[in-house]
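First the structure, in the form of structure tokens, and then the observations on it.
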Protein chains: 2
Amino acid sequence: MNSVTIKDVAKKAGVSTATVSRVINNSPNVAEKTRQRILQIIENLGYTPHYYAKALITKKTYTIVLVLPPQKEFLYAEYFHRMFKGLSDIIWRKNFNLLIRQLTPDKDCEEVFSSLLADGYIIVAPLRNSEIIKYFETVNIPCVVINARPKNLAWVDLDNKKAGYVITNYLVRLGHRRILFLGGYKESQNTVDRLAGYRLALKENKIKFDENLTIYANYDRETAKRIIKEKLLHKERFSAVFACNDLMAAGVIEAVQEMHLSVPTDISVVGFDDSEIAKNFEIKITTYFQPFEEMGKIAAELLFEVMRGKTTRRQVLLSGELVIRESTARCNY
Amino acid sequence: MNSVTIKDVAKKAGVSTATVSRVINNSPNVAEKTRQRILQIIENLGYTPHYYAKALITKKTYTIVLVLPPQKEFLYAEYFHRMFKGLSDIIWRKNFNLLIRQLTPDKDCEEVFSSLLADGYIIVAPLRNSEIIKYFETVNIPCVVINARPKNLAWVDLDNKKAGYVITNYLVRLGHRRILFLGGYKESQNTVDRLAGYRLALKENKIKFDENLTIYANYDRETAKRIIKEKLLHKERFSAVFACNDLMAAGVIEAVQEMHLSVPTDISVVGFDDSEIAKNFEIKITTYFQPFEEMGKIAAELLFEVMRGKTTRRQVLLSGELVIRESTARCNY
DNA sequence: TTGTAAAATGTAAACGATTACAGAAAAGCA
DNA sequence: TGCTTTTCTGTAATCGTTTACATTTTACAA
């Protein structure tokens, strides 16, 4: 590999490695003439310091690890990519390296991390009761969590309750009273919080909460489709669906259409995320924009703050925005 | 960070660091009793070897660098994610680290790489005349290139000429004779090769190549839309469009519809990539599936072969597959 | 010219591991 | 028992840097 070392440079320049090291690190105490000469030699030899050797002694790796949750689909998910864009921008701009690691369900996290040297960690959407969070809560290594809110760590997250509230309120103002809440996983914190917002909005509008109108489809399009079809078959009455992602919203629309009803005339549908499918589906889907890119960006910035020791637990709650498209309309009964 | 070192273990066990090192590395020459005792102590102390120190001496980093081209949009692109999935699967399974780096237009590549120690590199879609390729062609560091075909390096790529041929042939067999070729960038090798396939198919079918039917829209949806509208306004005659990605195909469909024509009745449209938009667009788009995930997977496997010194320039050409959906039909005039 | 302070450079230990070589302990054998 | 062979363990150099401290060189004043 890169086999020219500081010693080669030193020898060629007729100085000690210490001096070379000093010019590399811009130490002030080195004669201008020497500095120029050494710089020239470095250039000629094509020398670059050995990252690991340097890290070994300075204990700075200039590496950030991005830790992803173990779900297989995660790497395909659009929100991940948008977040990644935000993150990487900041990290690369600072000339840090970015190392990615997806957790596996089996592997003990400590084993993975203690051998994965880095200056900081960004942990994305950890599972509930995830080992990693516990690990980072104890070890005092700089880290920032995205989409989870551990008490003692820095994090950035979407205000899901507010989002649920905004969406529901919007539908209510369109005249809808029987709004079906279509969650992801029942235990997913995102879903739980959005449901809370949904219920709050209902309450404020004096609409009674109906348990039959809360169902879960694991963020999966096909599941959503199946469930909604069943509901319609069983004559469950609702005039609007609030789906916890756009994929499920698409499934809902398909289901409605296959039951010979129409969106939005008969049933209004709202998605979540503002992903590509919402923009391009045959009926453009009304949805709630999540600022993923900004989340990534903020997480990275926050991490650098944590690494500088400025803070260890600044916690940032972001808002998204309702994007109204074609899948929602006034309730007409 | 992880501050328990091999010395701590050695001291606690009352042996030398050499012995501890031997048990860590499963050297056979260590008494079973000692091994067990040391293993126990390692466990208790939560010791893990320092990655960088180890790398420094063994010259193995267990790290692969994924090098991305400098286009900003790249990180958003769906094909990147699919590829990434294929890659990362293999790399993580082998317990290697995956480091991602996007090139910047300004930064000199050598500077970036010589300080970025790793065992191997995967270079994705390098720009024509890219510095990196030249660099890797000279330095003899294990690497594999995706979507480019440098003579002296290992690579994996799609057979774009064949793809162009297959698509064009399909359209011809539907009765289309005036097929508009909508390329990405004029200089992009992908576009060039697909165009070659297109021309070959025309030739074999005795259809004269018409220069006016070859245009470029930079892989951009809006540009495609604008250009097609213009063509239609100027009464350019064509019954089918072969677009070099699905995004442009979507733009084409929009243009056609806005000119009060219909897809596929009046004009057939074929996209490329088989991305989400092709599956979900209001008219499901006929397209050419690119096996991105497989490409990533093969690239990673190939890289490991190269690293083992088995080969340095195995070159793999993959085929995709035509996916017929709703945007194409028989030519009816 | 000499003395002193400041600036430049060198020496050597350290970072946390591995490993060739040497030395000690154990085992095998007569 | 003593000698040889095998197995186990320790010593110390090494990887490529940085940096505290020591030393040399330079600059300047008297």
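Reckoned from all heavy atoms, side chains included, excluding hydrogens, waters and symmetry mates. In what follows, chains are A, B, ... by sequence order, proteins preceding strands, each numbered from 1.
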Residue list, side chain to side chain contact (heavy atoms under 4.5 Å, CB included) with Ile6(A), at least two apart or on another chain: Thr17(A), Val20(A), Ser21(A), Ile24(A), Tyr47(A)

Contact under 4.0 Å: Tyr47(A) side-chain N or O vs dT17(D) OP1/OP2: yes

Taken to the nearest whole Å, CD1/Ile57(B) to P/dG16(C) is 14 Å

Test applied, side-chain contact (heavy atoms from CB on, under 4.5 Å); reference residue, Ile123(A); option that passes from Cys143(A), Pro69(A), Pro150(A): Cys143(A)

Could you tell me the separation between the NZ atom of Lys54(B) and the C1' atom of dC15(C), rounded to a whole number of Å? 17 Å

Rounded distance in Å - NE2 (His50(B)) to P (dC15(C)): 11 Å

Regarding Arg314(A) and Glu305(A), does a basic nitrogen lie under 4.0 Å from an acidic carboxylate oxygen? yes

Length of the line joining Arg22(B):CZ and dT9(D):P, which is rounded to integer Å: 8 Å

Qualifying salt bridge (Lys or Arg N to Asp or Glu O under 4.0 Å) pairs, either residue in residues 4-29 of chain A, two or more places apart: none

Side chain of Asp159(B), backbone of Leu318(B): donor and acceptor closer than 3.5 Å? no

From CG of Leu45(B) across to P of dG16(C) the rounded distance in Å is 14 Å

Within a 6.0 Å radius of atom CD on Glu32(B), are there more than 12 heavy atoms belonging to other residues, nucleotides or ligands? yes

Phosphate oxygens OP1/OP2 of dT9(D): is one of them under 4.0 Å from a side-chain N or O of Asn29(B)? no

Please check if the side chain of Arg101(B) supplies one atom and the backbone of Val65(B) the other of a donor-acceptor pair under 3.5 Å. no

If you look only at distance, which donor and acceptor atoms sit under 3.5 Å apart when one is on a side chain in residues 293-303 of chain B and the other is two or more places apart or in another chain?
residue   : atom : partner  : partner atom : Å
Glu293(B) : OE1  : Tyr76(A) : OH           : 2.1
Glu293(B) : OE2  : Tyr76(A) : OH           : 3.0

With respect to the side chain of Lys59(B), which nucleotide from dG16(D), dT9(C), dT18(D) is positioned closest? dG16(D)

On the nucleotide dT18(D), are OP1 or OP2 found under 4.0 Å from the side-chain N or O atoms that Tyr52(A) carries? no

Interatomic distance where CG belongs to Leu117(B) and P belongs to dG16(D) [whole Å]: 10 Å

dG16(C) phosphate, OP1 or OP2, under 4.0 Å from Lys7(B) side-chain N/O: no

By a strict heavy-atom criterion of less than 4.0 Å, which residues belonging to residues 11-21 of chain A are in contact with DNA chain C? Gly14(A), Val15(A), Ser16(A), Ala18(A), Thr19(A)

Using the test ring-ring contact (aromatic ring centres under 6.0 Å, His included), find all partners of Tyr185(A) that sit at least two apart in sequence or belong to another chain. Tyr219(A)

Short N/O separations, protein against nucleotides 22-28 of chain D, under 3.5 angstrom:
none

So does Lys60(B) get a side-chain nitrogen or oxygen closer than 4.0 Å to the phosphate oxygens (OP1/OP2) of dT18(C)? no

Quickly work out the Ile6(B) CD1 to dA14(C) C1' distance and round it to whole Å. 16 Å

Value in whole Å for how far the P atom of dT19(C) lies from CD1 of Ile24(B): 11 Å

